[in-house]
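Values below: every heavy atom of this structure, side chains too, minus hydrogens, waters and symmetry copies. Below, chain A is the first sequence line, B the second, and so on; all start at residue 1.
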2 protein chains.
Amino acid sequence: MGTTTSPPPPLGDADLTARARIRDAAIARFAADGVASTTLRAVAEDAGVSAPLVVHHFGSKDGLRVACDHHVASVIRTSKSAAMTGSLDPLAGLRQLGQGPPLLRYLARTLADGSEHVATLLDELVDDAVGYLQQGVEHGVVKPTSAPRERAVVMLMWHFGALVLHEHVERLLGADLTASDPAELLPWALAAGEVLTHGVITEPLFDQMREAAQTLAAERDRS
Amino acid sequence: MGTTTSPPPPLGDADLTARARIRDAAIARFAADGVASTTLRAVAEDAGVSAPLVVHHFGSKDGLRVACDHHVASVIRTSKSAAMTGSLDPLAGLRQLGQGPPLLRYLARTLADGSEHVATLLDELVDDAVGYLQQGVEHGVVKPTSAPRERAVVMLMWHFGALVLHEHVERLLGADLTASDPAELLPWALAAGEVLTHGVITEPLFDQMREAAQTLAAERDRS
DNA sequence: CAAGATACTTAATGTGCGTTCAGTATGTCA
DNA sequence: TGACATACTGAACGCACATTAAGTATCTTG
C-alpha cells in the first residue's frame, strides 16, 4: 500500500470522520466566541480541513449551525435519560459528557442567542425537571409545591442563566460551572445549596409580595 | 426663519444631540442582536444619520461599543444609589429606567458576551447586593447567612442569568423580565419568591451535599 | 477495468462590512 | 469679513467573509 496519506477510518463507521471533526470544532468555536463571530475558516482550520469542505458537508454556515443544534440536542436527549438519579441538579447527568466538545457551553451560548431547536430542547428539559422534582418530592429530598411547573422553570432558568454567566461566576467565586469535575463547582454548589435549602427571604416579606400581587391583579381586572 | 432644515438643538445642551441618538440606537441594537451581528449602517439608520458620522463621533465600532458600556454603567451607577429601599430585588431600582434605551437587555447581553467594563460594573453590583442583603437582615426581611458574599453572588447570577434568558422565560412562563411594569413579571416573581422563601431541597439532602464536599476536599488535600 | 459517486483541494467570485476621502454647510471667533 | 473648527454627507476603498467553480484523488460498484 502506498501510505503517503493517512488512511481515513472506515466510512460507515460511527465518528471521527471529517464531518464529525468539523461539527465538533464548530461546537467548540460557537460555544467560545458565539456564532456570529466565528468564521468558517477558523472552524475548518481547527478541524484540519479546508473551508469549502465545510459547506460541502453542511450546505452553508447556517446549515452547520443547525447541525450543531441537532447534535447537541441529540446527545443531551440520550445522555439525560441514562443515569439520572433523584439528584438535585437537573444537569447532573449532562455534566458527565464533559469529554469531547463543550456541549454545556454551547447550549448556554445558543440559549442566550436564541435558536429554535435549542428552545424546544429547553422545553423538554423543563418537562423533565418537573418529573425529577416530583420524584425528589416522593423521596423526601425535595419540598412539595403548589406550582411544580413554575418552580421547575425558575430553577432551570437559574441553572442555565448562571451557566451563561459562568465566566463571571469563575471570577467572583472561583467555581467553574462548565467543568465536569464536581470539585470545581464546589464553592458555587455550597452557596446555592444553602439558599435552596433555607431560602433567603422571610415569610412576612413573601406575604407582602403576594398581597402586592393581588392588588396588582385587582387593578388589572378593573380596567 | 428659513426652516428648510430642522434647527439642531442648542449644542452645549445635555442630550438629544446626534451623538446621543447614535449611542442610544446602538444600545438598542446591541441589546437586541448582539454586537457582532449589528452593523454600523443599521445603527446609523436608526439614529437618522449616515454611517461615517458614527465613526466620526466614536472613532470606530469598538469605540462605540465602549461608549455604550460606559454610558450604561454610568446610568446604572447613578440610578441605583437613588431610591434603593430594603427590597428583595437588587434590580428594583434599575427597572425604573425602563424608558429610553433597553439598558437591562444591553447589560444582560454584554454580560454574556464578556466585556471588561461591564464585568467591573457587575463586581460593584455584587458589593452593593451584599450591603442590601445585610440591610434586609437587619430589617428582618432577609434571613442571615454565614457566607454573605457567596450568597449575594449566587442571587445576582440567578437574577442576571434569568434576564439573559428572558426570551425563554417569556415563552415558558409568560413573564417579561425586561419590562418596567411589575405586573409583567408577576408569574416569575411569585414562583421565584416561593423558592426564595421556603427553599426547594430538604435538610438531609443538603447535609449529604456538605458531606460529599468534605470528602472531596479531603481527597484533594491528600494529593 | 471502466464508470460513476464521494471527499477533498486550490483558486476565484461577489458581497457586505468598517472605514477613509473629499467635500459642503454651519457655526464661532478675531 | 476672513480664517478656522465642527457636524455631516455621498462616494469610494480595501478587506474578510461565505460561497462557487473547477479540478484531483480515492472509494464503490458493475
For this session: Tell me, yes or no, whether the heavy-atom count around A:E45 atom CD, taken from other residues, nucleotides or ligands under 6.0 Å, exceeds 12.
Result: no

Exercise. Quick check: does any side chain N or O of A:S60 sit under 3.5 Å from a backbone N or O of A:G63, one acting as donor and the other as acceptor?
Worked result: yes

Exercise. Base, sugar-phosphate alone, or nothing: which one does B:T38 contact when heavy atoms must sit under 4.0 Å apart?
Worked result: sugar-phosphate

For this session: Provide, to the nearest angstrom, the distance between the CG atom belonging to A:L53 and the P atom belonging to C:dT9.
Result: 5 Å

Problem set entry | Selected nucleotide, minimal atom distance to B:R41 side chain, candidates C:dT19, C:dC8, D:dA18 | C:dT19

Problem set entry | Gap between atoms CZ and C1', on B:R65 and C:dC17 respectively (whole Å) | 18 Å

Exercise. In whole angstrom, what separates A:K61's NZ from D:dT19's C1'?
Worked result: 12 Å

For this session: Report the residue (B:A18 or A:D62) whose heavy-atom-nearest nucleotide on DNA chain D is the more 5′ of the two.
Result: B:A18

Exercise. Out of D:dT20, D:dA18, C:dT9, which nucleotide sits closest to the side chain of A:L40?
Worked result: D:dA18

For this session: Give the rounded distance in Å between these two atoms: CZ of B:F58 and P of C:dT20.
Result: 16 Å

Problem set entry | Candidate pair B:R21 and B:D46, rule salt bridge (charged side-chain N to carboxylate O under 4.0 Å, His left out), full reasoning | CA-CA 9 Å; B:R21 283 205 322 273; B:D46 289 356; over 6 Å; no

Problem set entry | Which nucleotide in C:dC8, D:dT9, C:dA11 has an atom nearest any side-chain atom of A:P52 | C:dA11

For this session: Find the distance B:H57:NE2 to C:dT20:P and express it as a whole number of Å.
Result: 16 Å

For this session: Report the relative orientation of the aromatic rings in B:H70 and B:H117; use parallel for angles under 30°, tilted for 30 to 60°, perpendicular for over 60°.
Result: tilted

Exercise. What is the distance, rounded to the nearest whole Å, between atom CG of A:L64 and atom P of D:dC17?
Worked result: 15 Å

For this session: From the options C:dT10, C:dG18, D:dT9, select the nucleotide whose nearest atom is closest to the side chain of A:S50.
Result: C:dT10

For this session: May I ask you to say what A:V54 touches in the nucleic acid, namely base, sugar-phosphate or nothing, with a heavy-atom cut-off under 4.0 Å?
Result: nothing

For this session: Name the nucleic acid region contacted by B:T39, choosing base, sugar-phosphate or nothing; use a 4.0 angstrom heavy-atom cut-off, strictly under.
Result: sugar-phosphate

Exercise. Within this structure, what is the NE2-to-P distance between A:H56 and D:dT24, rounded to whole angstrom?
Worked result: 17 Å

For this session: Identify the heavy atoms of B:V126 and B:A152 that sit nearest to each other, and give their distance.
Result: O-CB, 4.3 Å

For this session: Would you mind reading off the distance between A:D33 atom CG and D:dC17 atom P, rounded to a whole angstrom?
Result: 12 Å

